[in-house]
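Predicted model only: the values in this text are computed from it and were never measured. Per chain, numbering begins at 1; letters A, B, ... match sequence-line order.
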2 protein chains.
Amino acid sequence: MNAHDTTVEGAAALRDPRPAPAGAAHEVLAVVFQIRQERLSVLLWRRARPPFEGRWSLPGGRLGADEGLDDSIRRQLAQKVDVRDLTHLEQLETRGDPCRHPQGRILATAYLGLVPADIDPLVPEDTRWHPAADLPPMGFDHAAIVHSGRRRLRAKLSYTNVGFALAPPEFTMSELSRYYRAALGHDVAATNLRRVLLRRGQIEETGRFVPSGRSGGRPAALFRFRARRLEITDAFAVLRPPSGG
Amino acid sequence: MNAHDTTVEGAAALRDPRPAPAGAAHEVLAVVFQIRQERLSVLLWRRARPPFEGRWSLPGGRLGADEGLDDSIRRQLAQKVDVRDLTHLEQLETRGDPCRHPQGRILATAYLGLVPADIDPLVPEDTRWHPAADLPPMGFDHAAIVHSGRRRLRAKLSYTNVGFALAPPEFTMSELSRYYRAALGHDVAATNLRRVLLRRGQIEETGRFVPSGRSGGRPAALFRFRARRLEITDAFAVLRPPSGG
DNA sequence: TCCGGTTTTGGTCTTGCAGGCTAAAACTGG
DNA sequence: CCAGTTTTAGCCTGCAAGACCAAAACCGGA
């Protein structure tokens with residue numbers, strides 16, 4: 001699940017310590033996902049200048065001199081989307097391969113951001129949503145970072161309530177199952193999804209119904225997520241403490 | 001589970017972009033765990049000089065000028081333990097709070113490392129194993145990083161085979177249950193652990209038995225982990241793809 | 001040799017969750 | 001009023017985890 005797992009199998013390179021560096025540049029990047037037209041989409045930005053001119057890259061930029069990582073990614077993203085639309089943001093991974101950036105040593109800390117499906121945030125001219133399953137030609141190692149983000153999102157849909165960040169404030173079960181299908185990449189039966197999320201206490205009925213006449217069928221109940229911040233489904237801690245204690 | 005989750009609730013600070021920094025220093029740190037005397041222990045290093053003189057801190061150091069993050073943490077750790085004893089190493093999180101280091105802006109990427117329980121690696125004079133549940137006074141934000149590591153390890157014991165990195169090459173089930181108890185912080189019934197790990201295909205019998213006369217009871221069978229690198233238990237992907245596909 | 005103590009092992013039983021399936025409910029439009 | 005569509009509710013199965021218990025296998029001492 002964690003993108004950057006490494007195992008010490010082949011003995012590591014153990015050269016002598018090198019002189020401490022003057023300091024490497026650091027950038028923050030964000031993989032911002034939104035379900036658009038039944039597809040998991042990622043916000044990308046088209047580079048107007050070398051390196052990788054004309055290719056697409058993740059939004060982000062250099063870390064400010066006196067700025068926290070979380071603050072920085074929010075500031076950078078504010079130039080692309082309304083940050084009030086960002087319903088979730090978490091750190092994903094840090095990449096530090098010396099060759100990852102042609103202009104020299106630049107470390108990158110990547111974040112995973114989510115925008116709910118019902119809105120269409122205004123984005124700048126050079127910025128577009130692309131299907132995460134069909135990425136355009138991308139610069140740097142950004143395609144790999146997008147894949148890390150997809151893996152993380154898929155995993156967390158299983159054992160957390162991240163769905164709240166993908167879905168609008170109110171939704172029908174068939175809508176929600178379409179969001180899950182888009183994010184997971186396979187069908188999700190609305191009837192099972194409903195039972196699972198209700199039992200876990202993640203969602204609840206609002207008591208209201210979708211305006212009648214919309215679909216030609218039985219009017220669907222509107223649901224909402226109980227919490228709007230990340231919670232872990234404790235049922236997924238196997239090897240749990242014994243019940244009698 | 002992921003240590004650095006953040007949610008955009010209160011609108012983020014959205015100041016104007018600042019001038020790009022010349023470059024911030026970067027360090028790598030490692031939370032190295034080993035089960036010692038029935039307790040989860042972490043390798044710490046006693047600082048001989050300010051800042052935080054006399055306090056304990058995580059092993060690590062400055063990132064080399066032309067060095068990858070993984071390479072760097074292995075190089076730094078080689079000064080403390082034999083890296084061949086490191087059975088697992090994975091990236092944990094990156095911290096970039098401007099105030100985290102009194103000497104100025106230093107980012108830190110932390111790793112989680114594991115050493116199997118049967119060995120007693122030679123460590124330098126200033127380096128000691130401390131119980132992770134009872135940390136000595138620590139400098140910087142290192143205590144918080146150790147807690148992140150504990151959370152990560154506990155979670156991964158549930159849905160991966162990380163146990164291989166905590167246990168010696170061969171072990172009895174009661175030994176293994178004690179390792180799990182130390183890492184998880186609660187009792188783990190050996191009989192259930194055996195069935196769970198066997199069914200998941202994580203462990204297998206070696207066919208050999210512990211030398212008789214050791215315990216006064218029935219001789220215990222020796223087990224081993226089938227794989228010696230991280231694998232995820234797929235049973236934990238809920239909302240899995242429909243069976244007929 | 002037998003017996004109590006100890007530890008491991010194998011089995012049963014219960015519980016809870018996930019997911020497939022189907023019938024009923026509730027609406028629309030003709 | 002009926003056919004078509006969509007949602008809802010219930011039933012059933014399968015599987016994994018954990019509690020519990022009895023049998024197995026060893027030790028040491030009487």
With a 3.5 Å distance limit and no angle check, can you tell me whether T87(B) reaches the backbone of A165(B) through a side-chain donor-acceptor pair? yes

For R39(B), does the CZ atom have more than 12 heavy-atom neighbours from other residues, nucleotides or ligands under 6.0 Å away? no

Once you round it to whole Å, what is the distance between C1' of dG29(C) and CZ of R218(A)? 19 Å

Sorted by number, the residues of residues 165-174 of chain A with heavy-atom contact under 4.0 Å to DNA chain D: S174(A)

On the 0 to 90° scale, with breaks at 30° and 60°, tag the F171(A)-F223(A) ring pair as parallel, tilted or perpendicular. parallel

Between dT7(C) atom C1' and E175(B) atom CD, what is the distance in whole Å? 13 Å

When the distance from OH of Y180(A) to C1' of dA18(C) is rounded to whole Å, what number comes out? 15 Å

Within the structure shown, what part of the strands sits under 4.0 Å from A190(A) by heavy-atom distance: base, sugar-phosphate, or nothing? nothing

Within a radius of less than 6.0 Å around CZ of R128(B), do more than 12 heavy atoms belonging to other residues, nucleotides or ligands occur? no

DNA chain C: L239(B) or A221(B), which has the more 5' nearest nucleotide? A221(B)

Ion pair E90(B)/K156(B), N-O distance below 4.0 Å: yes

Give a yes or no on whether R200(B) atom CZ has more than 12 heavy-atom contacts from other residues, nucleotides or ligands under 6.0 Å away. yes

Measure from CZ on R208(B) to C1' on dT8(C) and round the result to the nearest Å. 18 Å

Measure from CG on L197(A) to C1' on dG19(C) and round the result to the nearest Å. 13 Å

Without decimals, in angstroms, what is the distance between L193(A) CG and dA18(C) P? 11 Å

E38(A): which residues meet the salt bridge (charged side-chain N to carboxylate O under 4.0 Å, His left out) condition with it, sequence neighbours left out? R178(A), R181(A)

R199(B) CZ - dG11(C) P separation (whole Å): 14 Å

Could you check T191(A) against T191(B) and say which one's nearest nucleotide on DNA chain D is further toward the 5' end? T191(A)

Atom CZ of R195(B) and atom P of dC13(C) are separated, to the nearest Å, by 14 Å

